[in-house]
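Values reported hereafter were calculated over all heavy atoms of this structure, with side chains retained and with hydrogens, waters and symmetry mates removed. Reminder, nothing fancy here: chain letters follow the sequence lines and each chain counts from 1.
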6 protein chains.
Amino acid sequence: MMNQIPYIQRPSLVYTPGQGDPNVTRLSDWITEWDGAERFHAALIGAPLSKSSISFSGAHMHPTVFRQLFSAFTTYNFEDDVDLLPLRVRDLGDIVMHTTDIPQCHHHIEQAFDEVARRLPTVVPCLIGGDHSITFPALTGLQRVRGERIGLIQFDAHLDVRDTASGGRSNGTPVRSLMETGVLRGEDVVTIGLRSFANSKQYRTYAEQQGVTLYTAKQVRERGMQTILGEAIARLKMNVDVVYATFDIDVLDQSDVPGVPAIGPGGLSPLDLFYCAEVLGAWDRVIAMDMVCVDPNRDTRDRTTRISMHVLLYFLTGLAKRLKLTAGHA
Amino acid sequence: MMNQIPYIQRPSLVYTPGQGDPNVTRLSDWITEWDGAERFHAALIGAPLSKSSISFSGAHMHPTVFRQLFSAFTTYNFEDDVDLLPLRVRDLGDIVMHTTDIPQCHHHIEQAFDEVARRLPTVVPCLIGGDHSITFPALTGLQRVRGERIGLIQFDAHLDVRDTASGGRSNGTPVRSLMETGVLRGEDVVTIGLRSFANSKQYRTYAEQQGVTLYTAKQVRERGMQTILGEAIARLKMNVDVVYATFDIDVLDQSDVPGVPAIGPGGLSPLDLFYCAEVLGAWDRVIAMDMVCVDPNRDTRDRTTRISMHVLLYFLTGLAKRLKLTAGHA
Amino acid sequence: MMNQIPYIQRPSLVYTPGQGDPNVTRLSDWITEWDGAERFHAALIGAPLSKSSISFSGAHMHPTVFRQLFSAFTTYNFEDDVDLLPLRVRDLGDIVMHTTDIPQCHHHIEQAFDEVARRLPTVVPCLIGGDHSITFPALTGLQRVRGERIGLIQFDAHLDVRDTASGGRSNGTPVRSLMETGVLRGEDVVTIGLRSFANSKQYRTYAEQQGVTLYTAKQVRERGMQTILGEAIARLKMNVDVVYATFDIDVLDQSDVPGVPAIGPGGLSPLDLFYCAEVLGAWDRVIAMDMVCVDPNRDTRDRTTRISMHVLLYFLTGLAKRLKLTAGHA
Amino acid sequence: MMNQIPYIQRPSLVYTPGQGDPNVTRLSDWITEWDGAERFHAALIGAPLSKSSISFSGAHMHPTVFRQLFSAFTTYNFEDDVDLLPLRVRDLGDIVMHTTDIPQCHHHIEQAFDEVARRLPTVVPCLIGGDHSITFPALTGLQRVRGERIGLIQFDAHLDVRDTASGGRSNGTPVRSLMETGVLRGEDVVTIGLRSFANSKQYRTYAEQQGVTLYTAKQVRERGMQTILGEAIARLKMNVDVVYATFDIDVLDQSDVPGVPAIGPGGLSPLDLFYCAEVLGAWDRVIAMDMVCVDPNRDTRDRTTRISMHVLLYFLTGLAKRLKLTAGHA
Amino acid sequence: MMNQIPYIQRPSLVYTPGQGDPNVTRLSDWITEWDGAERFHAALIGAPLSKSSISFSGAHMHPTVFRQLFSAFTTYNFEDDVDLLPLRVRDLGDIVMHTTDIPQCHHHIEQAFDEVARRLPTVVPCLIGGDHSITFPALTGLQRVRGERIGLIQFDAHLDVRDTASGGRSNGTPVRSLMETGVLRGEDVVTIGLRSFANSKQYRTYAEQQGVTLYTAKQVRERGMQTILGEAIARLKMNVDVVYATFDIDVLDQSDVPGVPAIGPGGLSPLDLFYCAEVLGAWDRVIAMDMVCVDPNRDTRDRTTRISMHVLLYFLTGLAKRLKLTAGHA
Amino acid sequence: MMNQIPYIQRPSLVYTPGQGDPNVTRLSDWITEWDGAERFHAALIGAPLSKSSISFSGAHMHPTVFRQLFSAFTTYNFEDDVDLLPLRVRDLGDIVMHTTDIPQCHHHIEQAFDEVARRLPTVVPCLIGGDHSITFPALTGLQRVRGERIGLIQFDAHLDVRDTASGGRSNGTPVRSLMETGVLRGEDVVTIGLRSFANSKQYRTYAEQQGVTLYTAKQVRERGMQTILGEAIARLKMNVDVVYATFDIDVLDQSDVPGVPAIGPGGLSPLDLFYCAEVLGAWDRVIAMDMVCVDPNRDTRDRTTRISMHVLLYFLTGLAKRLKLTAGHA
């Protein structure tokens, strides 16, 4: 029935629409599978890969749990009085993964993003990880097709610039891989939310030598996210044509996100992240985003996926504003 | 032994008093069963009903878990240097519920509040839910006896104005039911703590058409709870004779209340709620309060009930101040 | 192989060093057993005792879980750009405990601290509890050897001045025991973080009569930790020669520390505690510290031990600054 | 698309077929939605009702969790060398439930079974509860259409003959309700698996007076299930035209079924139940079956639903044998 | 109100009788507090002590959880058609424990059993542990008053003959302590259920040298519990006047008892233990029993306490038979 | 210090010996690291690999949890009166794994077994998995060095003969891989414990065509493990020189092993497996064994690892008997 994008298969479980209170639009009534023909604004794509993670991770479950929560939330942003309903979001399904060949998995991601960029050039892909290794192939596939100078804004407790010599392209390496392969330049990367006792001095030195702009979680608390994000955007605006936003959910404090592999204290607050997601969704240079390292296996009551869901919803609120699709409150 | 109020039965488990350190007064030494004769200030009443909940809920366990925690806290408000001991609080027990007839359960609540209002007119009833459907019959019973114009101050992530046509009087409907039956007017309702992606635009429109005053959690964060509560009280003071306060504990952030059915990020903080409880306890127009939607079945270490307990204790601190029963620190 | 301090035995599980990414120094690569000869700056000592706790506690597990987390964190304080590597920290092991003789356990702690103070006078002992009863014998042993006037700065939701008549020297009594035995004076004690409904008025009166300086968690929120800690230090500076810092982790809010016996809302934030730990580590009068009442048995994902670990790491950051051992970022 | 039976709606989540190893047929590849036209042998029908339960129950979740496990099991009965593939089983969906009107829910079940019996007279309905209250309306609807004398074989730790006067038609009352309304006669009921300290003498006396045949779990252990089931079938064969089998999963031992509301020791073993399910599936007088009181909310790793799934699969193995649809092993 | 036995205090939570279905007698309707005057047959006494345990244990919670389950079971033994109602069982409460003085706790147990033996000579005390250290003082107090030659039948995975030199009178030492202090002779002890890899050869040698009769769990499986118990009773009958039965619940397999400190595979089945409890309850030489080492803190759904509860109920069934108090089924 | 075997590194956590009761030998006192020189009988080798698992697995944690339990069990087999102490067992550590290159991980296992077979030809390696994919490289490395005709006895709920075309060498493929690469012949494989609804008919047909001998769990229950194992040994004795035993712990029933990825009812009992382990340990043709698919991440109280530990201990009991190293009970 569906005209699938290569390397992507339909989600394994699909909602039956039209159940529940007719006065309420749930996400499950709104985000549907793509019929292969209709035009739309944003695409959900799952990347159920966690075998590339250094520490044990069940992040491959995240796309499925993410979809299961579609019935728990509505389309209505009460704070901004924006109903997301006019924004057309389609679920393309999950990128096909190989059981034992991890480089093959990354190749599929790269190809899938190549295909999406080629076939759906006006659509904003939203990648539901998976661990952080997926950002490298996704951004690589995207950049190859678009050819523009691309910047990266990364929300992360960790630098993710590990040496690939020892363990290959794991979730500790995407930023280094992107720079080493020339997909982007260090000066076009901004990382926000770095934490103490979760990184090494050697890797900080490396990142700074590459020109990466770094902000710690403490700086965010002291100077305010509005200021930090403003600086980050100003920095990126100087050089890049387009921007990819990557949200590693472990940037948040362990009291908020029990379901990430590397939990720790001293992290950012979800409200900071929601704010950034909305601003970035509204910024017309942002062409794609991902959310990674949510591990439903260690979560409690899907709290962490509820937060990644809100990151998406605030990003889509911004996108709706960008596209002038906000239906005002009569 | 006990002279019970009709429709209310004794709690199933009762504390044996007088155990523990004699230098410490625990709640279990202070809140005792009513003997049917003595005069007192505030009444605890359990409403162990959760079958009226739209989403699966164990909120009927809350009154029992609430009482079990009586030995975990003391009567002494250290911050304000107020010992609650002079305030006389009695536990009337639990409203009798029917196994399979939910409207009958609501009728019992209404009758119990009718009886309490009639027999104990000076007592402030504190209703320990149960899900939010209990507010409608409780307030109805109360208002019928008192006959005054009554206002409602509601702390809630949700509007609770669902249409009763499809699912009957569930926990999504109390505010609408109160307005539709004429127990109170929309203009006498203030709701604080509403959240995005947890309500629908249609119901917001309905509530606003009824004249309900709405504040989002974001507004509370931006303008401060002191300001918002001040406005709410000013609004209610204009028209109403007396006020009923309802605390739906799901108004709080999911990092604070794992034990509510509809958890989500972006909620209020417990400190906001404790502040409001104390201010409302001290306000002489407040004649009753309830705390609803705590689900001990999904809680961890009774954290959510510990918070509802503190809502009560700060409310009673306010009441002690109202009644000039605060014993100063020598 | 090891030249052990009397009353202390080697940890039961020891890390095999030198595994993992060579560009990252983990705590397990840095904190090693003492060889009995080399000079070092700070000593970790475990006190696996929880049978002295009034409420059920698995705090005796904390030293073991604490060490297991050595591989989860690095030595690099990103925020301050301080690598702790030059600071020499050694793990002396755990104080030997008796199965059924609790006073004997306390005696061992006292003797162990006597020995450490005698043999390693320039080393700062960091005691990993155990419940709060351990502070009394540790500080007693220390003070006996040093003979100086010693002050106590206590972070705690509770006063810990219970009468020892009924239950002996439990985790509710250390501050009273220290004052009653003359190890220190009430006027040399500052307690920060006290909470409502967790103490009794009688004990507050007792503490104030002894001259103890008290700050509630609410005061910290209203006036800021920087101000409160400044006052506390000023107060102690007036009279005492040296200072012992005790961190009862239950001073933090229940949303941050699921793994303490007496959880509750309204507590301090971990960031407050990290700040204090760093300031106190840097203050040259601070000669020892302990961290108590972490119960790994009731924790989730070792969140609470991760916080006690950060309290230590920020304290050691301060100590590195005190000793001018901070290696700047090139 | 679907031609739905009245009172039944499509399942909320539907599997996407054809993913996975082509050499393995999973249940999710085999049990599909009915297209409203094709002929088939057995129907799955969910009854997501647990508000009628005396003790707190999440049994309404069972149909959904049951379907989610379709991908965890294959169609191949290795022990008997029977592949279930030739047997056509269709999922009709879930009976529609009302939020607050429990008698209405029971009415829907009765009507749904009336419709199924009328429209699909050769199909064997397999009802996925829900709590045990659903057996009364299901069997009532069925019997009304068929008009035959119907027997009941019940696997249960409890008699389920409670008086409906106090609590209405709860999960403690189905057998009594069926006898009192004349749907079946006490002498046509056999109950197997009754346990000590889980029933009252008064109700046993009542059941025996009605002519119900009773077997305790202890009798099963002492005499063997083959003997007991043989007697039960012989007893039923004497009088009844057709038989309804009801499996209350709480008949099993608590070590096997953590996910039932009323767990206890001394129960039957799953192997006993699988044996009975296969024998009854193969018996041509058995026209329907149900599985009740599985509470996924309190289960661990869906162990209890895995057992109810096997009860169904062994029942269907029997049915395949009855219909000569067993494909032998070449 | 109550005329308490010295060293025993009332339970902290007491059931309110007379709620629920009038056709069902629950344990909470039957086991009540003693009024200090009426005659009765068996006494429940809680010993909330677990600090004497070698491995971490929450067995002190067992008496409270035990009582909370009184509402989950009925008085009717369906298998034997015996209603326990005519047997008068009274709850004397819990033995008072000291917070930090474990030998004092043991002294209280000894004194309490001395008092009970003196004041209530015809009553059979049933001691609800607590860890296994309680058997030594209980049996000592009992024997001192009665003066008879007493035998011990012990169900246990472990020998419990550890040397008291190192760790004092812990839960590993009761049998050795009883022999060393001359309360009983090794030849009057039978231990059933010993397991591999859970004991040492040295202690086996010691026990055999003392004349203790030993049976492994494997022997029970191979020869049948009926045979083993028959031999044990025959052995004891030869020499002793009276018998004390101690049930260490860790004798059962880990699949049945998640809530004991020392879980392991290869254990006895609950049915074996229920059988023994009933036989011993019916034997007129058995004058007391205890159940130890149930740790509700590590249990799931109180499964382990449900089993200890059934041990008591089968023991009381035996006692009812001994006393000819079985009310037959009309 | 250690003279390590190539491809194997020391365990990350090592026990400090000599703590605890001197009358008890714990496994942690007995199984020590190899010094590279001394002669010994059996080697423990960890294979912390689970990324090759089809379903999500934390089996890589098993070696570490396995070692942590060394302090929970003693060396004394009480049932057989065999103390394992004279048997010399050494822990060689864990095979080095690559983060993202799974074929490389398998290569390391193969090389490690090649090295062990070459350097320690008289030692019996005991491989602690890891998922079932490790059996293929381990047995391959072993056979290459030894050159003998090798048989495989497999305890497993699954055939493990999946086609490697689609997913590579996963945990579903080891038996097929061994046959396809000619390491062993199908007629030299016996699989015991196969379950219904956990395999496909196609793969059964394939296995039977290869000559594999198959026994279901049901056959074991009906005919007894002694008979089945006797037949298996007789079958293998006919043709093979030596035998490799592989224990997939998921062959056991889900009530016994919560911590395996593919749980299900109808499995073997641990006692069956312990019996087989002891018989095979005593059989002089058995040259190696492994235990796979234990997932500590989903276990409760390490119950499943406690069972794999007992499989090893019974295997070593057999080996001690084979080597006449059983120290009799004096």
Side-chain angles (χ1 to χ4, degrees), chain D residues 19-27 29-30 69-86 249 252-258 267 269-275 277-278 299-314 316-317 326-330, chain F residues 54-56 156-159 161-167 170 172-173 176 191 193-209 214-222 253-269 295 297-301 303-304:
Chain D
Q19 299 181 352
D21 186 332
N23 296 309
V24 179
T25 317
R26 300 192 171 271
L27 304 186
D29 301 318
W30 169 56
L69 282 178
F70 279 179
S71 65
F73 297 103
T74 72
T75 58
Y76 183 54
N77 184 323
F78 202 114
E79 297 156 349
D80 290 0
D81 193 14
V82 172
D83 197 318
L84 296 177
L85 204 49
I249 300 298
L252 300 178
D253 192 82
Q254 66 179 11
S255 63
D256 287 300
V257 288
S269 97
L271 297 169
D272 285 330
L273 220 54
F274 300 162
Y275 167 78
E278 184 164 340
D299 209 1
T300 54
R301 298 204 61 201
D302 298 328
R303 275 172 56 194
T304 311
T305 302
R306 286 171 203 262
I307 282 176
S308 66
M309 180 71 77
H310 277 72
V311 169
L312 178 72
L313 292 172
Y314 282 100
L316 294 177
T317 299
T326 59
H329 189 248
Chain F
I54 298 170
S55 51
F56 181 52
D156 206 327
H158 309 91
L159 291 163
V161 296
R162 276 174 179 264
D163 193 334
T164 58
S166 58
S170 71
T173 64
R176 188 183 195 115
T191 307
L194 295 155
R195 286 214 292 269
S196 287
F197 310 117
N199 292 280
S200 81
K201 179 164 179 164
Q202 290 93 317
Y203 284 132
R204 179 186 187 159
T205 302
Y206 166 81
E208 289 181 340
Q209 284 167 347
L214 306 178
Y215 294 102
T216 64
K218 190 178 185 183
Q219 285 174 299
V220 173
R221 281 192 297 274
E222 287 175 351
D253 193 82
Q254 65 179 12
S255 63
D256 286 300
V257 287
V260 298
I263 63 170
L268 297 185
S269 96
D295 179 354
N297 175 55
R298 284 189 278 199
D299 208 3
T300 53
R301 296 205 64 202
R303 274 172 56 194
T304 311

Pairs of heavy atoms under 4.5 Å with chain D: top-ranked of F:Gly167, F:Ala262, F:Pro261, F:Gly266:
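Winner by heavy-atom pair count: F:Pro261.
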Give the member of F:Ile54, F:Asp163, F:Leu214, F:Asn199 that has the highest number of heavy-atom pairs under 4.5 Å with chain D.
F:Asn199
Under 4.5 Å from a heavy atom of chain F, the part of D:Leu27 involved:
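Contact with chain F is absent: no heavy atom of D:Leu27 under 4.5 Å.
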Report the residues that fulfil salt bridge (Lys or Arg N to Asp or Glu O under 4.0 Å) with F:Arg195, sequence neighbours left out, ordered by chain and then residue number.
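Salt bridge (Lys or Arg N to Asp or Glu O under 4.0 Å) list for F:Arg195, sorted by chain: empty.
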Under 4.5 Å from any heavy atom of chain D, what part of [X] do you find: side chain, backbone, both or neither?
X        : value
F:Thr216 : side chain
F:Leu194 : side chain
F:Asp256 : neither

Which residue out of D:Asn77, D:Val24, D:Asp302 racks up the most heavy-atom pairs below 4.5 Å with chain F?
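Most pairs with chain F among the choices: D:Asn77.
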Of all residues at least two apart in sequence or in a different chain, which pass the side chain to side chain contact (heavy atoms under 4.5 Å, CB included) check with D:Leu271?
D:Ser269, D:Phe274, F:Arg221
Is a side-chain N or O of D:Glu79 found less than 3.5 angstrom from the main chain of F:Lys218, in a donor-acceptor match?
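Such a contact is absent between D:Glu79 side chain and F:Lys218 backbone.
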Look at the side chain of F:Arg204 and the backbone N and O of D:Phe78, then say whether any donor-acceptor pair between them is shorter than 3.5 Å.
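Such a contact is found between F:Arg204 side chain and D:Phe78 backbone.
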So, taking the atom named CG in D:Asp83 and the one named CD in F:Gln202, what distance separates them when rounded to the nearest 0.5 Å?
7.0 Å
Side chains of F:Ser200 and D:Asn23: do they bring a donor and an acceptor to under 3.5 Å?
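Judged by distance alone, the side chains do not pair up.
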